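Below is one structure, written out as structure tokens, with a few remarks after it.
Here the structure is a predicted model, which means the values were calculated and not measured. As a basis for the values below, the full set of heavy atoms in this structure was taken, side chains included, without hydrogen atoms, waters or symmetry mates. Residue numbers run from 1 in the order of the sequence given.
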Amino acid sequence: MQSRFQDNFVAPNLNDPRLASKRTYRMLIDGKSVDAQSGETVTRESPGHRGKVIGEWPAGTTADAGLAIAAARKAFDHGPWPRMSGAERSTILHAVAAKILENVDELGLVECLETGKPLDQAKGEIGYCADLWNYAAGQSRGLEGSTHNAIGENRLGLVLREPAGVVGIITPWNFPFIIVSERVPWALGAGCTVVAKPSEYTSGTTIRLAELALEAGLPPGVFNVITGYGPAVGQVLAEDPRVDVIAFTGSVRVGTHLAGLAASGVKRVGLELGGKGPQVVFADADLEAAADGIAYGVYHNAGQCCISGSRLIVENSIRPALLERVLALSRKLPFGDPLGAGTRYGAMVSQNHLEKVASLVAAGVDEGAELLLGGDMIDAKSGNFFAPTIFDKVRPDMRIAQEEIFGPVLATIGFDTPEEAVALANGIPFGLSASVWSRDLENAIQTTRKIRAGRCWINSVIDGTPELPIGGYKKSGTGRELGRLGFDEYSQFKGLHMTLGRGQPWFQH
């Protein structure tokens with residue numbers, strides 16, 4: 001289908017020299033780079049440059065996963081890492097952060113080519129990840145339990161914090177370096193060992209991260225990476241009794257499946273799953289700032305973002321004026337070639353995903369929503385691109401209002417009262433994120449308090465800092481990452497009761 005917004009499209013340069021070579025990677029198990037026992041590999045074509053193979057890594061087997069788990073188990077049960085002081089672990093985690101910063105250009109290019117996101121965005125994300133590692137490093141030397149000194153003059157109680165054990169971390173394709181960095185340094189800082197399984201689409205930067213961690217002084221076996229497909233390697237992490245904790249980020253379907261497998265072993269599971277974030281805009285909002293935030297919230301990473309602000313819930317009195325501003329921004333938004341200068345969003349991760357987005361857009365049209373902009377694929381011969389798309393007159397029960405599209409598609413719903421806005425925001429199965437736009441801070445805070453979502457913003461969107469926890473309500477997941485709470489996900493707490501002097505004898509002679 002020919003797009004009505006071809007002028008905004010940055011066509012890929014398939015002759016860019018940065019596409020000339022394919023990078024080959026190996027898994028990292030027990031400090032050694034290894035191939036899959038089967039000898040099979042996964043090849044990755046750049047989603048923004050059709051026909052250009054840019055990466056290759058092992059298609060790991062169940063046996064490979066078992067070796068990685070055994071290495072992590074040995075490193076936890078007998079190695080130095082869980083027994084180090086917080087200061088020693090902190091020093092090494094800071095060294096990993098330094099290694100990340102030294103390699104921003106390399107890691108950013110790999111992330112760009114594997115995911116399809118713009119190069120500048122990818123580099124910015126890598127730099128942010130160094131901050132995640134530095135924060136976790138600093139906090140890891142201050143982890144503490146608690147004391148109870150008021151339970152009797154001859155009694156003292158301690159709550160001891162201990163590492164939870166071996167952690168299996170399964171990450172998705174949309175933000176591979178960020179999401180692994182939101183989990184691994186917290187698990188390591190708590191004293192755990194890790195087996196990470198990245199998406200088969202985007203494994204290169206996770207492998208490089210583990211290699212850099214080894215160079216920074218992390219002992220062998222503490223951070224292992226296995227690559228390949230979910231049923232062969234990811235599922236093993238949930239089933240194997242040697243793994244104590246599972247941290248999964250991805251779809252509700254896969255997350256609930258893994259949680260069911262882990263339940264048979266009474267294994268702790270943390271899940272960050274889907275989202276359908278509302279952007280609630282009140283009539284008193286700064287419309288220019290809100291329009292910019294709405295565009296960023298829905299188009300960032302081509303909408304392939306679980307905290308995307310993909311539902312515009314706007315007070316009806318300003319609905320035409322706000323939509324006019326959002327449409328104007330969308331019509332001039334440069335999108336396309338991930339390597340192009342000034343590109344604001346790039347390619348969809350795969351042809352299958354591109355077609356899924358297109359099918360949901362078609363469903364919106366069929367159900368009676370008004371398509372104001374976009375709605376079509378772009379230049380399919382050169383990559384997986386979808387035009388900025390805006391719907392109005394969306395009913396809350398429509399699929400485009402209820403389902404996570406995971407593409408650059410905005411669904412607009414109007415409201416008249418604050419109570420109606422909150423009901424619309426909460427009227428979905430998800431609760432991962434939400435934004436509220438209003439100059440009335442009291443109204444904004446009270447509205448945010450009533451929205452059931454784990455990550456909220458007032459007058460901004462998709463903002464983040466290592467200090468604040470992330471996680472979901474309802475079908476968006478369980479558990480919390482980042483901040484001080486993030487370490488609790490990877491810790492066990494032991495109650496220790498001490499009697500001072502001789503206690504009261506139970507048996508009297």
Side-chain angles (χ1 to χ4, degrees), residues 25-30 34-44 57-76 164-176 179-180 182-184 187 192-204 206-207 210 221 223-274 306 349-350 352-353 406 472 475-479 481 489-490:
Y25 303 90
R26 305 174 79 192
M27 298 184 292
L28 194 73
I29 297 177
D30 202 15
V34 299
D35 295 317
Q37 294 187 35
S38 66
E40 296 181 356
T41 60
V42 178
T43 57
R44 177 61 172 156
W57 39 80
T61 65
T62 298
D64 295 316
L67 291 175
I69 293 168
R73 187 79 256 171
K74 179 182 176 183
F76 183 80
V166 175
V167 180
I169 296 177
I170 303 173
T171 58
W173 45 259
N174 56 339
F175 293 95
I179 292 175
V180 77
E182 288 176 338
R183 285 145 183 81
V184 172
C192 298
T193 59
V194 168
V195 179
K197 191 275 176 195
S199 167
E200 63 272 17
Y201 287 131
T202 55
S203 296
T206 301
I207 294 171
F223 182 11
N224 308 275
V225 178
I226 51 173
T227 56
Y229 299 97
V233 288
Q235 185 167 312
V236 177
L237 295 176
E239 294 175 319
D240 197 303
R242 295 171 293 179
V243 177
D244 301 290
V245 180
I246 289 291
F248 171 80
T249 306
S251 70
V252 174
R253 179 185 63 82
V254 176
T256 52
H257 174 65
L258 289 174
L261 295 174
S264 63
V266 198
K267 188 175 301 186
R268 186 187 304 179
V269 179
L271 303 172
E272 185 178 348
L273 306 177
C306 55
V349 72
S350 69
N352 286 341
H353 185 62
F406 230 56
K475 286 189 176 181
S476 288
T478 61
E481 306 287 349
E489 293 291 306
Y490 305 108

**OP:** Please check if the side chain of H257 supplies one atom and the backbone of Q235 the other of a donor-acceptor pair under 3.5 Å.
**Re:** no
Original post:
Looking only at heavy atoms, what is the nearest atom pair of T206 and P176, with distance?
Top reply: OG1-O, 4.3 Å
Original post:
Any idea which heavy atoms bring A36 and P58 closest together, and the distance?
Top reply: N-CB, 3.6 Å
Original post:
Is the side chain of K267 donor-acceptor paired with the backbone N or O of V243 at a distance under 3.5 Å, no angle test?
Top reply: yes
**OP:** Name all residues meeting the side chain to side chain contact (heavy atoms under 4.5 Å, CB included) criterion together with I170; count only those two or more places apart in sequence or in a different chain, and write none if there are none.
**Re:** K197, L237, F248, L258
Original post:
When rounded to the nearest 0.5 angstrom, what is the spacing between OG1 in T193 and CZ in R73?
Top reply: 6.5 Å
**OP:** Please round to the nearest 0.5 Å and tell me the distance separating atom CD1 of I226 and atom CD1 of I207.
**Re:** 11.0 Å
Subject >> R183 and T171: side chain donor to acceptor below 3.5 Å >> reply: no
Original post:
So, N224 side chain and V194 main chain: donor-acceptor pair closer than 3.5 Å or not?
Top reply: yes
**OP:** Check whether any side-chain N or O of T249 sits under 3.5 Å from a backbone N or O of P172 as a donor-acceptor pair, and report yes or no.
**Re:** no
**OP:** May I ask you to test the I179-N174 pair for a side-chain heavy-atom distance under 4.5 Å?
**Re:** yes
**OP:** Could you go through the side-chain contact (heavy atoms from CB on, under 4.5 Å) check for V184 and F223 one step at a time?
**Re:** CA-CA 8 Å; V184 172; F223 182 11; 4.1 Å; yes
Original post:
Using the ring of each side chain (for Trp, its six-membered ring), is Y201 parallel, tilted or perpendicular to W173, with breaks at 30° and 60°?
Top reply: perpendicular
Subject >> Heavy-atom closest contact (G255 atom, L273 atom, distance) >> reply: CA-CD2, 4.0 Å
Original post:
Within a radius of less than 6.0 Å around CD of Q37, do more than 12 heavy atoms belonging to other residues, nucleotides or ligands occur?
Top reply: yes
Original post:
Can you tell me if NZ on K475 sees more than 12 non-hydrogen neighbours from other groups inside 6.0 Å?
Top reply: no
**OP:** Kindly say whether I69 contributes a backbone atom to a donor-acceptor pair with the side chain of R242 at under 3.5 angstrom?
**Re:** no
**OP:** Can you see which heavy atom on G60 is nearest to which on A232, and at what distance?
**Re:** O-CB, 3.7 Å
Subject >> For D30 against A71, the heavy-atom pair lying closest together >> reply: CB-CB, 3.7 Å
Subject >> Side chain proximity check, V225 to M27, heavy atoms < 4.5 angstrom >> reply: no
Original post:
Distance-only, no hydrogens or angles: does the T41 side chain make a donor-acceptor pair with backbone N or O of A59 under 3.5 Å?
Top reply: no
**OP:** Can you sort out the partners of Y490 under ring pair (Phe, Tyr, Trp, His ring centres under 6.0 Å), two or more places apart, ordered by chain and number?
**Re:** none
**OP:** Return yes if some donor-acceptor pair links the side-chain N/O of R268 with the main-chain N/O of E489 below 3.5 Å, else return no.
**Re:** yes
Original post:
Once you round to the nearest 0.5 Å, how far does CG of D35 lie from CD1 of I29?
Top reply: 10.0 Å
Original post:
With no hydrogens and no angle check, is any side-chain donor or acceptor of W57 less than 3.5 Å from a backbone partner on E200?
Top reply: yes
Subject >> Shortest non-hydrogen contact between A187 and V167, atoms and distance >> reply: CB-CG2, 4.3 Å
**OP:** Identify, with sequence neighbours excluded, every residue that meets side chain to side chain contact (heavy atoms under 4.5 Å, CB included) alongside A263.
**Re:** none
